[in-house]
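Only one structure is covered here, and it is reproduced in the block below.
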Number of protein chains: 2
Amino acid sequence: MDTAWDPYLLACPCRDVLDLVANKWTALMIGKLAQRPHRFGELRREVAGITPKVLTQNLRSLERDGLISRKVYPTTPPSVEYALTPLGESISGYLIALNNWTAANFNEIKRSRAAYDAAQQTAPQPVG
Amino acid sequence: MDTAWDPYLLACPCRDVLDLVANKWTALMIGKLAQRPHRFGELRREVAGITPKVLTQNLRSLERDGLISRKVYPTTPPSVEYALTPLGESISGYLIALNNWTAANFNEIKRSRAAYDAAQQTAPQPVG
DNA sequence: CTGTATCCCGCCTGATACTG
DNA sequence: CAGTATCAGGCGGGATACAG
């Protein structure tokens, strides 16, 4: 790298990159592409719930940032293949780890939320 | 854990947790708290650019999810200390890695964006 | 198959001001 | 010091329909 940036600085441009992760779909998309290259329709099916518009948006954004590559095959019907670039691969591990952490710890979080909400129900009753 | 969830399933409740990361400030806040417990004002200063309202919102959300603890000291003036819970510590490493990756790779991403945008300027000109 | 075009909405975010 | 109240705005995101 050329220079180092501190994301805790207000004007740090790498805040933009953190926003890349601050996205509902990025981690899932990168996770899928880390397994193997995928076509548009495959991603659309495997990343359940994403709409084609949003998929396209995020694909373009990641392509612009150099995390994924887009290759068009002029077949009929046309096919487009998306794959991770080396840069994309360098971050995929962290994102996959996040996905896994999420899956592994959701139940504990669910319990925590329930306990928190229950405490809110009883405690803050000025009129009692 | 009790049961395993697949974040790629549409109805997977752990999507909510992924949204936790899909947040502009979470990674920065967790990163700071991973260093040591912080008071409200400290976080406010050190996470540059965050407003008190948004800081409170995210603090509450993380507390509800069980990632951080909130301890009030009835002093005058009052002081409140936020710290990571064991659950919060278990995810902090991944988030810090993301912060570091961001700082280390921003320049490459910046170059990629510039190249992408330049290509858009020249290529898609039907009228030319 | 691979996207685009609209319309719409809710949430996150931000700025500012105020309180115990 | 540690928040809360309020107002406003923008962008991501969702539903639906359409095109090359």
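Just so it is clear: chains get the letters A, B, ... in the order the sequence lines come, proteins before strands, and each one is counted from 1.
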* **Side chain A:R44, main chain A:I50, donor-acceptor under 3.5 Å** => no
* Send over the distance from B:E42 CD to D:dA2 C1', rounded to a whole Å. => 13 Å
* Is any side-chain N or O of A:R60 closer than 4.0 Å to OP1 or OP2 of C:dT2? -> no
* To do: Starting at OG of B:S112, measure out to CG of A:L67 and round the result to the nearest 0.5 Å.
  => 7.5 Å
* Asked: Linking I/L/V/M/F/W/Y whenever their side-chain heavy atoms sit closer than 4.5 Å, directly or via other members, would B:Y8 and A:L59 fall into one cluster?
  -> yes
* Residue that, paired with B:Y82, satisfies side-chain hydrogen bond (donor to acceptor under 3.5 Å, both in side chains) out of B:K71, B:R70, B:H38, B:K32 -> B:R70
* May I have the distance from A:Y82 (atom OH) to C:dC1 (atom P), rounded to whole angstrom? => 14 Å
* Structure fact -> Taken to the nearest 0.5 Å, the spacing of B:K24 NZ from A:R15 CZ works out to 7.5 Å
* Asked: Has the side chain of A:S61 got a donor or acceptor atom that lies under 3.5 Å from a matching backbone atom of A:Q57?
  -> no
* Across the strands shown, which category fits A:R44 at heavy-atom distances under 4.0 angstrom: base, sugar-phosphate, nothing? -> base
* Given atom NZ of A:K24 and atom P of D:dG12, what is their separation to the nearest angstrom? -> 14 Å
* Asked: If you pin B:S79 and A:T51 to their nearest nucleotides in DNA chain D, which one's is more 5'?
  -> B:S79
* Structure fact -> CZ of B:R39 to CD of B:E46, rounded to nearest 0.5 Å, is 12.5 Å
* To do: State, to 0.1 Å, how close A:L9 and B:A48 come at their nearest heavy-atom pair, and which atoms those are.
  => C-CB, 4.1 Å
* Candidates C:dG20, D:dG14, C:dT4 - which lies nearest the side chain of A:T56 -> C:dT4
* To do: Can you tell me the distance, in whole Å, between the CG atom of B:N58 and the P atom of D:dT4?
  => 13 Å
* Nucleotide of D:dG13, D:dA2, C:dT2 approaching A:N23 most closely (side-chain heavy atoms) -> D:dG13
* Asked: To the nearest 10 degrees, what angle separates the axes at the start and end of the helix from C:dC1-D:dG20 to C:dG20-D:dC1, five pairs each?
  -> 50°
* Among residues 67-75 of chain B, which contact DNA chain D at a heavy-atom distance under 4.0 Å? -> B:R70
* **Phosphate OP1/OP2 of D:dA2 contacted by B:R39 side-chain N/O (<4.0 Å)** => yes
* Asked: Between the base of C:dT4 and the side chain of A:K53, is there any donor-acceptor pair under 3.5 Å?
  -> no
* Are A:L20 and A:I96 grouped together when hydrophobic residues (ILVMFWY) are joined by side-chain heavy atoms under 4.5 angstrom apart? -> no
* Rounded interatomic separation in angstrom, taking CG from B:L62 and C1' from C:dC12 -> 14 Å
* Whole angstrom is fine here: how far is it from CD1 in A:I50 over to P in D:dG12? => 13 Å
* To do: Measure the distance from CG on A:L55 to C1' on D:dG14 and round it to the nearest whole Å.
  => 14 Å
* To do: Let me know the distance between CD of B:Q57 and P of D:dA2, rounded to the nearest Å.
  => 18 Å
* Path from B:L55 to B:V72 over hydrophobic side-chain contacts below 4.5 Å -> yes
